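The structure presented is a predicted model; accordingly, all values stated were derived computationally and were not measured. A, B, ... follow the sequence lines: proteins, then strands. Residue 1 opens every chain.
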There are 2 protein chains.
Amino acid sequence: MRVTIKDVAQKARVSTATVSRVFNNIGPVEEETRRRVLETAKELRYTPNAVGRSLSTKRTDAIGLLLPDIYGEFFSEVIRGADQTAQQHRYHLLVSSSHNHRDEIETALRVMSGRVDGLIIMSPQIDAEILTTNLPTNLPVVLLSCFVEDVPYDSLNIDNFGGAKGIVQHLLQHGHRRIAIIKGVENNLDAEERLRGYRSALQEAGIGPDAALEIAGKFSETSGYEAVKKILSLHPPPAAIFASNDATAIGALSALHEMGVAVPQEMALAGFDDIPIAQFFSPTLTSVRVSISDLGALAIQKLVQAIHEKSNHVKQHVVIPTSLALRESCGCPKPH
Amino acid sequence: MRVTIKDVAQKARVSTATVSRVFNNIGPVEEETRRRVLETAKELRYTPNAVGRSLSTKRTDAIGLLLPDIYGEFFSEVIRGADQTAQQHRYHLLVSSSHNHRDEIETALRVMSGRVDGLIIMSPQIDAEILTTNLPTNLPVVLLSCFVEDVPYDSLNIDNFGGAKGIVQHLLQHGHRRIAIIKGVENNLDAEERLRGYRSALQEAGIGPDAALEIAGKFSETSGYEAVKKILSLHPPPAAIFASNDATAIGALSALHEMGVAVPQEMALAGFDDIPIAQFFSPTLTSVRVSISDLGALAIQKLVQAIHEKSNHVKQHVVIPTSLALRESCGCPKPH
DNA sequence: CTCGACTATGTAAACGTTTACACAGTCAAA
DNA sequence: TTTGACTGTGTAAACGTTTACATAGTCGAG
């Protein structure tokens with residue numbers, strides 16, 4: 001039914017080996033033969049079967065990308081960066097989400113492991129121990145936003161602590177002393193580190209911790225919206241809010257508008273991630289800049305490198321720096 | 001090196017056929033044997049090799065998702081819906097973007113075609129003719145937002161015309177007569193249909209076409225932002241703007257704020273797509289509601305169905321209805 | 001007791017490639 | 001003329017499964 005290498009070989013009066021050589025540009029083939037093979041292949045509309053090839057070469061030319069979720073601009077940016085870089089390296093991208101659920105991660109890992117040459121795993125809530133028991137030991141892996149404590153994998157982490165600390169320090173510089181935080185998901189590495197950065201900045205400014213100012217959140221717009229309602233019921237209310245990510249900040253901004261609270265005059269606000277849409281809100285949203293698509297791209301690069309170097313690859317833990325994207329919502333003038 | 005079915009068979013003192021039967025829950029296997037095989041498999045940490053299986057069964061258990069781009073919330077929603085439904089049906093998702101570039105689509109199609117059981121292609125700018133020459137004739141395909149004119153593929157299209165017409169009619173009901181449109185990308189099916197809907201609504205209201213009110217755009221925030229600058233220089237300026245998608249509307253809103261134009265009092269505004277974040281802007285953004293994630297989900301469902309029914313599958317062209325998401329930016333009161 | 005049906009299992013081919021190895025031919029150097 | 005290197009090509013095994021077919025054993029009906 002389907003046209004195979006044998007059909008081409010037979011029709012072109014050569015062996016399958018020769019056809020294979022032609023299609024892989026490998027080994028010596030006489031020009032006349034090559035021409036004949038290519039012509040025959042075109043005639044028969046032959047394309048090499050990827051599965052057969054994979055079985056033989058033990059390569060799949062695919063990379064798995066396991067995300068905790070696929071919601072909002074943050075993840076689309078990650079995927080975008082990864083896709084772009086994967087294409088450059090001639091790899092396919094197998095995308096899947098785990099919903100941060102242990103079982104789903106396990107099955108995803110197992111079921112993906114056979115069909116990819118390497119794996120990028122973003123799992124801020126589930127510890128990496130799950131990996132060692134569910135993955136073949138020699139499969140290259142890059143961890144994104146994972147708890148990494150001497151795990152034998154490459155890893156990429158955003159400088160959550162530094163970024164959060166920096167932005168809170170900036171809010172302090174605006175003269176605010178009572179600064180609330182809307183926290184991220186519980187037991188989430190990114191969330192915890194950002195909280196730590198927040199506390200550290202306050203402490204260094206000589207401001208004691210105040211549990212009432214640490215409001216629960218879930219990294220979602222809705223949770224930011226709801227958190228603001230709680231925050232505004234405080235007496236006295238804080239002068240500024242640090243939202244643990246931009247989605248939360250956006251929800252918060254929406255609630256503040258609705259309650260008639262002027263931002264930044266009556267309440268300063270800052271987020272984290274600097275998703276592209278942040279600059280289109282009014283006031284434009286101050287945030288901690290992370291080049292999210294670069295994060296995806298870098299992960300692919302590291303993974304491809306690991307795949308090629310195979311056994312003698314040196315694992316690295318990289319921390320990606322952040323910078324401040326100062327806009328109107330914290331009280332800064334909008335950059336021209 | 002890698003542990004295969006043979007290793008398990010040997011250790012469990014059975015044939016590979018039996019091991020296969022156990023792992024596929026197929027055919028009769030004595031309970032005692034089954035137990036022994038499973039135990040041995042666990043002991044050796046055996047997992048069936050997907051590639052070998054694929055070669056034998058001629059199934060890959062993967063679905064390709066080819067998108068024009070991966071940017072912003074629209075596409076993350078498509079991917080999210082597709083991923084979720086694919087997982088339910090035990091399919092993997094191979095995601096790739098084509099940047100709307102003909103060459104990239106061609107290579108993507110060719111290179112994907114061997115490794116997926118079916119393909120979802122979103123290509124609002126490139127005609128489907130490209131498919132027939134680059135795809136095996138029997139590969140199930142679902143087209144998203146493609147020009148479909150008796151092409152032999154399943155297709156899903158948003159009711160762009162109806163949605164656009166409806167929202168413009170709504171703007172008319174608010175009493176606005178001069179309504180501008182910020183158009184989408186050129187030669188893009190969705191964009192053209194939305195423009196057609198806009199014109200149709202105006203015509204039926206007895207308002208003649210006015211080329212000056214049809215502003216170029218690119219479905220991006222930036223293009224919306226820039227379009228507004230042009231719109232505000234019109235004499236007299238229009239009373240309302242219909243942006244061809246939400247990204248454009250968001251950019252437009254940002255520009256209007258910056259120029260000090262009150263929305264909706266001085267300028268009413270509406271978008272298209274109703275991306276989740278639309279309701280968090282202020283004013284909340286009126287839009288044409290499309291359940292984007294359902295679009296992705298539905299595409300997968302149709303494709304899975306086509307895969308199973310194989311040859312005797314009846315192709316369908318489905319038009320997905322839209323509804324109006326009326327919020328503040330058009331002048332409606334915010335729903336509670 | 002015989003036969004057929006059924007259960008449990010094994011044998012081996014098939015899937016579509018790649019590639020190690022073998023082989024024949026050509027050509028230049030010795 | 002022999003030798004060795006090199007070029008161009010073919011043979012066949014290997015990759016890890018599934019599955020059609022074969023076989024052996026058990027059991028109940030006749």
K.L.:
Quick test of your reading of the model: are A:E32 and A:R13 salt-bridged, counting only N-O distances below 4.0 Å?
P.N.:
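The answer is no: the pair does not qualify as a salt bridge.
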
K.L.:
Atom CZ of B:R34 and atom P of C:dA8: how far apart are they, to the nearest Å?
P.N.:
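Roughly 10 Å, once rounded to whole Å.
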
K.L.:
Is there a donor-acceptor pair under 3.5 Å between the side chain of A:H101 and the backbone N or O of A:D103?
P.N.:
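Between the backbone of A:D103 and the side chain of A:H101 there is a qualifying donor-acceptor contact (under 3.5 Å).
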
K.L.:
Would you say the side chains of A:H317 and A:D154 form a donor-acceptor pair under 3.5 Å?
P.N.:
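No, because no side-chain N or O of A:H317 sits under 3.5 Å from a partner of the opposite role on A:D154.
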
K.L.:
Under 4.0 angstrom, heavy atoms only, what part of the nucleic acid is B:S54 near: base, sugar-phosphate, or nothing?
P.N.:
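Nothing, no heavy atom under 4.0 Å.
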
K.L.:
D:dT17 phosphate, OP1 or OP2: any side-chain N/O from B:T16 under 4.0 angstrom?
P.N.:
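Checking B:T16 against D:dT17: no side-chain N or O falls below 4.0 Å of OP1 or OP2.
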
K.L.:
In whole angstrom, give the distance that lies between atom CD of A:Q10 and atom P of D:dG10.
P.N.:
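A:Q10 atom CD is separated from D:dG10 atom P by 13 Å.
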
K.L.:
Of the nucleotides C:dT17, D:dT18, C:dA20, which one has an atom closest to the side chain of A:R21?
P.N.:
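Looking only at side-chain atoms, A:R21 lies closest to C:dA20.
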
K.L.:
For A:V318 and A:K302: C-alpha separation, side-chain torsions, deciding distance, then whether side-chain contact (heavy atoms from CB on, under 4.5 Å) applies.
P.N.:
CA-CA 10 Å; A:V318 176; A:K302 283 226 149 298; 3.6 Å; yes

K.L.:
How is A:V51 classified with respect to the nucleic acid when contacts are heavy atoms under 4.0 Å: base, sugar-phosphate, or nothing?
P.N.:
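No contact at all - A:V51 keeps every heavy atom at 4.0 Å or more from the nucleic acid.
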
K.L.:
Toward the 5' end of DNA chain C, which comes first, A:S20 or B:L55, by nearest nucleotide?
P.N.:
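Nearer the 5' end of the strand: B:L55.
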
K.L.:
It should be established whether A:N49 places a side-chain nitrogen or oxygen under 4.0 Å from OP1 or OP2 of nucleotide C:dC15.
P.N.:
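False: A:N49 side-chain N/O out of range (4.0 Å or more) of C:dC15 OP1/OP2.
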
K.L.:
Are the aromatic rings of B:F23 and B:Y46 close, with centres under 6.0 Å apart?
P.N.:
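Here the rings of B:Y46 and B:F23 have centres that are less than 6.0 Å from each other.
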
K.L.:
Consider the side chain of A:R53, meaning its heavy atoms from C-beta on, and name the nucleotide among D:dG8, C:dT17, D:dT11 that approaches it most closely.
P.N.:
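Among D:dG8, C:dT17, D:dT11, the one nearest the side chain of A:R53 is C:dT17.
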
K.L.:
Pick the nucleotide of DNA chain D nearest each of A:T18 and B:A50; which residue has the one closer to the 5' end?
P.N.:
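Its nearest nucleotide being more 5', the pick is A:T18.
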
K.L.:
Starting at CD of A:E30 and ending at P of C:dG25, how long is that distance when rounded to a whole Å?
P.N.:
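Taking CD of A:E30 and P of C:dG25, I get 14 Å after rounding.
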
K.L.:
Can you check the A:F23 CZ to C:dT18 P distance for me, whole Å?
P.N.:
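Rounded to whole Å, this separation is 10 Å.
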
K.L.:
Return the value, rounded to whole Å, for the distance between atom NZ of B:K6 and atom C1' of C:dA13.
P.N.:
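From B:K6 NZ to C:dA13 C1': 13 Å.
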
K.L.:
How long is the line joining CZ of A:R2 and P of C:dA14, in whole Å?
P.N.:
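Taking atom P of C:dA14 as the reference, CZ of A:R2 is at 19 Å.
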
K.L.:
Whole Å only: how far is the CD1 atom of A:I5 from the C1' atom of D:dG10?
P.N.:
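So the CD1-C1' distance, A:I5 to D:dG10, works out to 13 Å.
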
K.L.:
Grab the CD-P distance between A:E31 and D:dT9 for me, whole Å please.
P.N.:
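Taking atom P of D:dT9 as the reference, CD of A:E31 is at 11 Å.
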
K.L.:
With a 4.0 Å cut-off on heavy atoms, is B:R13 in touch with a base, just the backbone sugar-phosphate, or nothing at all?
P.N.:
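The residue B:R13 makes sugar-phosphate contact but no base contact.
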
K.L.:
Does a side-chain N or O from A:K58 land closer than 4.0 Å to OP1 or OP2 of C:dT18, or not?
P.N.:
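For A:K58, the contact criterion (side-chain N or O under 4.0 Å from OP1 or OP2 of C:dT18) is not met.
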
K.L.:
Pick the closest DNA chain C nucleotide for B:S56 and for B:P28 by heavy atoms, then say which residue is nearer the 5' end.
P.N.:
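The answer here is B:P28.
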
K.L.:
Is B:Y46 touching bases, backbone alone, or none of the nucleic acid, heavy atoms closer than 4.0 Å?
P.N.:
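Since only primed, P, OP1 and OP2 atoms lie under 4.0 Å of B:Y46, the category is sugar-phosphate.
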
K.L.:
Of the nucleotides C:dT17, C:dT11, D:dG16, which has the atom closest to the B:S15 side chain?
P.N.:
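Output: C:dT11.
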
K.L.:
Do B:L295 and B:L298 make a side-chain contact, defined as non-hydrogen atoms from C-beta onward lying under 4.5 Å apart?
P.N.:
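Side-chain contact under 4.5 Å: no.
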
